[in-house]
Amino acid sequence: MPELPEVETVRRSLAPHLVGRTIATATLNRNDMVAGERSPHALLQGAKIQRLDRRGKQLAIIARDGRVLIVQLGMSGQMLITKPLDPLPTHTHAVWTTGKPATAILFRDPRRFGGLTTLATVDQLSQVWATLGPDGLNITGDDLWKVIHTSNRPIKAALLDQSVVAGVGNIYTDESLFGAGIHPKANCARLSQARIKRLARSVVRVLTQAVEARGSTLRDYRDADGQAGSYVAMHRVYGRASLPCTVCGLPLSRTVVAQRTTVFCRRCQKL
DNA sequence: CTGGATGCCTGGGAGC
DNA sequence: TGCTCCCAGGCATCCA
């Protein structure tokens, strides 16, 4: 579900409900959704929230005293604002409440590919995020070239690797490669530095526009206020197999790269 | 070390 | 209506 634009939209929609507020209660319905300490305290009970940060697809809720909760939405995860007495939707794994105005924040994730990680210090967050590549909104051609120009993987596999670029998933990989005119199976090491620079610019452009559109809602994705994103209407390849290419009119091709469904234009994205 | 394949989960849609 | 099969936005882990 959520790639960088969706997680950024969740961050922005969640922040007004949390920043500056104190968590009154933190309750966990499933232990196996949490890595690290699982006490209410570790889950931010009693904490005053200072800010919400994001790196790639990871969202961090950071308390004044340094406690951190990392939220990963996986494929079907949601952070939802409700009222404390509203019935809980199915697959709600954790609930936080704040007072004035009384608010409940839910973490639900039907497929359970997502999860929460508790950390005691912001320093630990830096260590976790040091394993990720540069955030997709800031990736530069030099960054990208440095880490992939010796790799023998198909370029799509490299873009999906969170240690190369943080935040790009299956939708935005295909959209970025189309924007740069690069075939998803192109071998990294055979791409010129100029084409890799062009690809980095395409990644930034696609992600920026998708954030402006509040992300792509294929089916489940909603921001914290339950609002859908509208970027699907701007997809040029993802979900458009066999429909005409928006540039040349040729029916778009479907293939599999890195075990993921891949859509591209075989005329605009030559090997 | 690298890169490829597998498995974890639920739910929706297609086809019969 | 109901069954089976296939597919889905991610990622850790295992293997060659």
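Predicted model only: the values in this text are computed from it and were never measured. Letters A, B, ... are given to chains in the order of the sequence lines, protein chains preceding strands, and every chain is numbered from 1. All values below come from the heavy atoms of this structure, side chains included, with hydrogens, waters and symmetry mates left out.
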Across all strands, who's sitting opposite [N] as a Watson-Crick or G-U wobble pair, both distances under 3.5 Å?
N: B:dC1; value: none
N: C:dG9; value: none
N: B:dC9; value: none

Round to the nearest Å and state the distance from [X] atom [atom1] to [N] atom [atom2].
X: A:Asn170; N: C:dC7; atom1: CG; atom2: C1'; result: 12 Å
X: A:Tyr238; N: C:dG10; atom1: OH; atom2: C1'; result: 12 Å
X: A:Lys156; N: B:dG3; atom1: NZ; atom2: P; result: 17 Å
X: A:Arg111; N: C:dG10; atom1: CZ; atom2: P; result: 10 Å
X: A:Gln78; N: C:dG10; atom1: CD; atom2: C1'; result: 16 Å
X: A:Met75; N: C:dC6; atom1: CE; atom2: C1'; result: 14 Å
X: A:Arg112; N: C:dA12; atom1: CZ; atom2: C1'; result: 16 Å
X: A:Lys57; N: C:dA12; atom1: NZ; atom2: P; result: 10 Å

Lys/Arg-Asp/Glu bridge criterion (N-O < 4.0 Å) met for A:Asp65, A:Lys48: no
SB check A:Asp53 A:Arg55 (cutoff 4.0 Å): no
Side chain of [X] only, heavy atoms from C-beta on: which candidate in [options] is closest?
X: A:Ser151; options: B:dT10, B:dG3, C:dG10; result: B:dG3
X: A:Gln259; options: C:dA8, B:dA5, C:dG9; result: B:dA5
X: A:Thr261; options: C:dG10, B:dG4, C:dA8; result: C:dA8

Sugar-phosphate, base or nothing in reach of A:Asn152, heavy atoms under 4.0 Å: sugar-phosphate
A:Asp32 vs A:Pro154, nearer the 5' end of DNA chain B by closest nucleotide: A:Pro154
5' priority, DNA chain B, between A:Pro110 and A:Ala258 [closest heavy atom]: A:Ala258
Under-4.0 Å side-chain N/O to phosphate OP1/OP2 contact, A:Arg153 with B:dG3: yes
Presence of A:His91 side-chain N/O under 4.0 Å of B:dG11 phosphate oxygens OP1/OP2: yes
Ring centroids of A:Phe113 and B:dC8 base under 5.5 Å with planes under 30°: yes
Gap in Å between the two P atoms, one belonging to C:dC6 and one to B:dT6, rounded: 15 Å
Whole-angstrom distance between C:dC14 and B:dC9, as gauged at atom P: 15 Å
Within 6.0 Å of CG in A:Leu271, more than 12 heavy atoms from elsewhere: yes
A:Asp123 versus A:Ser126, side-chain donor and acceptor atoms under 3.5 Å: no
From CZ (A:Arg205) to CG (A:Leu137), nearest 0.5 Å: 13.5 Å
Close side-chain approach of A:Leu132 and A:Gln58, heavy atoms under 4.5 Å: yes
